[in-house]
Amino acid sequence: MIVLKDILYKVAIEAVKGSTEIAVNKIEFDSRKITENDVFVAIRGTVSNGHDFIEKAINLGAIAVICDELPEVIVMGVTYIQVKDTNSALAFMANNYYDNPSSKLKLVGITGTNGKTTVASLLYQLFKKAGYKVGLLSTVKIMVNEVEHKATHTTPDSLTINYYLNQMVAIGCDYCFMEVSSHGIHQKRTEGLHFEGGVFTNLSHDHLDYHPTFAEYRDVKKSFFDHLPKTAFALTNIDDKNGLVMLQNTYAKKLTYALKSYSDYKAQILENQLSGLLLKINDNEVWVKLIGTFNAYNLLAIYATAVQLGIESFEALRLLSELESVSGRFQFIVSNQKITAIVDYAHTPDALENVLKTINDIRTKNEQLITVVGCGGDRDKTKRPIMANIATQMSDKVIITSDNPRTENPAVIIAEMEAGVEPQNYKKSLSIEDRKQAIKTACQLANTNDIILIAGKGHETYQEINGVRHDFDDIKIVKEFLEQMNK
């Protein structure tokens, strides 16, 4: 048990009804999880409002309620704390409840539209290879050193973040690398955390279903750097037009990386092959197993972060050369018929263009590039025609299909994508709603040396249709079809 007043440190309180000297069990923002003597935090979500469940939480045993609006009926024996912002209150309370674990290890946050997962996951991999105990909070998975846990969000809720950080501290982790999404920043999930550093990868068209304008999306990302302490470092990609914007108001040590501009950390691509990249980083050459210009940026950010965290530069280069690609990020297999299938998480126009450019830079043009692409339902609709246009401009054949339609009709999503295909590219494209059939068709269309790109889902092992998740793994399915062709 912990005393309520002790977990309210730094919370912006507007009114108190009842005693804060009471012993409480744990904090919950989901009323269904409430047990005796818990604190219920009423969060206003995009789907439901926690304030509607205050009575239910009390009936289940909540002894204290944190809300931004006091209910009409006040129950005797229950403490009500009115706060300015319940998301912010939850973040600070979670920090306090778990005794501020982020201050007991070196936590680095990675934000940007593309590259967050790769940079965070490969930093985890690099520091593990360097002999440290390390944590990872990513879209793909949560790692408490060697122990893997399932991830449900890019940036988990603040209770989950602090729970896992506390687990990391308990087993002696030295570092944690964390993806920081715009949703997570906007919903105050990272508030109160102590960051050793922040990394900005890039900014492009995404999440405009959530953020009303691109400017707001950019400014939310920027606010992460605005709140970094003087003791932290802020590392930004200045080849991105918003790179320097991120550093405008930060108190942290300002550092830059680039392939095209003058910067603190500079890289040059000397060779780009399907087997890897030869990079020149700050005048030293290194061969890496990842490919493409976008990965050159990711690897440079990783190198710079490692050096900032105290790894000697030549050791950082050596470790960089050993890194393996992240699941669902330019993951490829080659069949016996020499057909190359690439699975990538590219689900934004910029990411899709980057992947297609990488493939086109490497290929001989004597082979076909067949792209399978879809767009998610209940997400930013404006990117749908743009992605179909990019795919048909940069591929020889395109199959427009279903991604995670969620609650939307996949046929409607596909029609909105088709609207972006220019007349001269009509003959290049066909639409197949069933994703498995679309992948099968791509395999049937492919000949020796052809390349198939399956974009959008990457590491995901499910397809979400009408709110239900069905088993679906792009890499397993394409492997299965290519093996059938070999028989």
With a 3.5 Å cut-off and sequence neighbours excluded, list the donor-acceptor pairs that the side chains of residues 119-126 form with protein atoms.
from, atom 1, to, atom 2, distance (Å)
S121, OG, T117, O, 2.8
Y124, OH, N145, O, 2.4
Q125, OE1, E324, N, 2.7
Q125, NE2, E324, O, 3.2

* Asked: Can we say K338 and D450 salt-bridge, meaning some charged N sits less than 4.0 Å from an Asp/Glu carboxylate O?
  -> no
* **N-O pairing of D396 and K428 below 4.0 Å** => no
* Look at E146 together with K128 and state whether they make a salt bridge at an N to O cut-off of under 4.0 Å. => yes
* To do: Could you pull out all residues at least two apart from N354 that satisfy side-chain hydrogen bond (donor to acceptor under 3.5 Å, both in side chains)?
  => none
* Asked: So, is the end of the K254 side chain (NZ or CZ) under 6.0 Å from the ring centre of F233 and within 45° of the ring's axis?
  -> no
* Asked: With the threshold set at 4.0 Å, does a side-chain nitrogen-carboxylate oxygen contact exist between R318 and E322?
  -> yes
* Rounded distance [0.5 Å steps], CG in N166 versus CG in N95 -> 11.0 Å
* **Pair L137-Y164, side chain to side chain contact (heavy atoms under 4.5 Å, CB included): steps then yes or no** => CA-CA 9 Å; L137 293 165; Y164 282 116; 4.2 Å; yes
* Structure fact -> With F177 as partner, the option from F127, F195, Y132 fulfilling ring pair (Phe, Tyr, Trp, His ring centres under 6.0 Å) is F127
* Asked: Out of curiosity, S327 OG to K141 NZ, how far, rounded to the nearest 0.5 Å?
  -> 7.5 Å
* Mind running side chain to side chain contact (heavy atoms under 4.5 Å, CB included) on L482 and I333 for me, showing each step along the way? => CA-CA 10 Å; L482 290 175; I333 56 167; 4.1 Å; yes
* Find the distance between CD (Q187) and OG (S181) and round it off to the nearest 0.5 Å. => 7.5 Å
* Asked: Among side-chain atoms of D157 and T160, is any donor-acceptor pair under 3.5 angstrom?
  -> yes
* Salt bridge present between D474 and K479 (N-O < 4.0 angstrom) -> no
* Modelled atom types, side-chain donor and acceptor of T256 and Y262, under 3.5 Å -> no
* Asked: Looking at NE2 of H347 and CG of D403, how far apart are the two atoms once the value is rounded to the nearest 0.5 Å?
  -> 9.0 Å
* Asked: Are L136 and I142 close enough, and set up right, to give a side chain to side chain contact (heavy atoms under 4.5 Å, CB included), and what steps lead you there?
  -> CA-CA 5 Å; L136 172 68; I142 293 167; over 6 Å; no
* Which pairs, with at least one residue in residues 274-300 and sequence neighbours excluded, count as a ring pair (Phe, Tyr, Trp, His ring centres under 6.0 Å)? -> none
* Between E28 and K33, is the closest basic N to carboxylate O distance under 4.0 Å? -> no
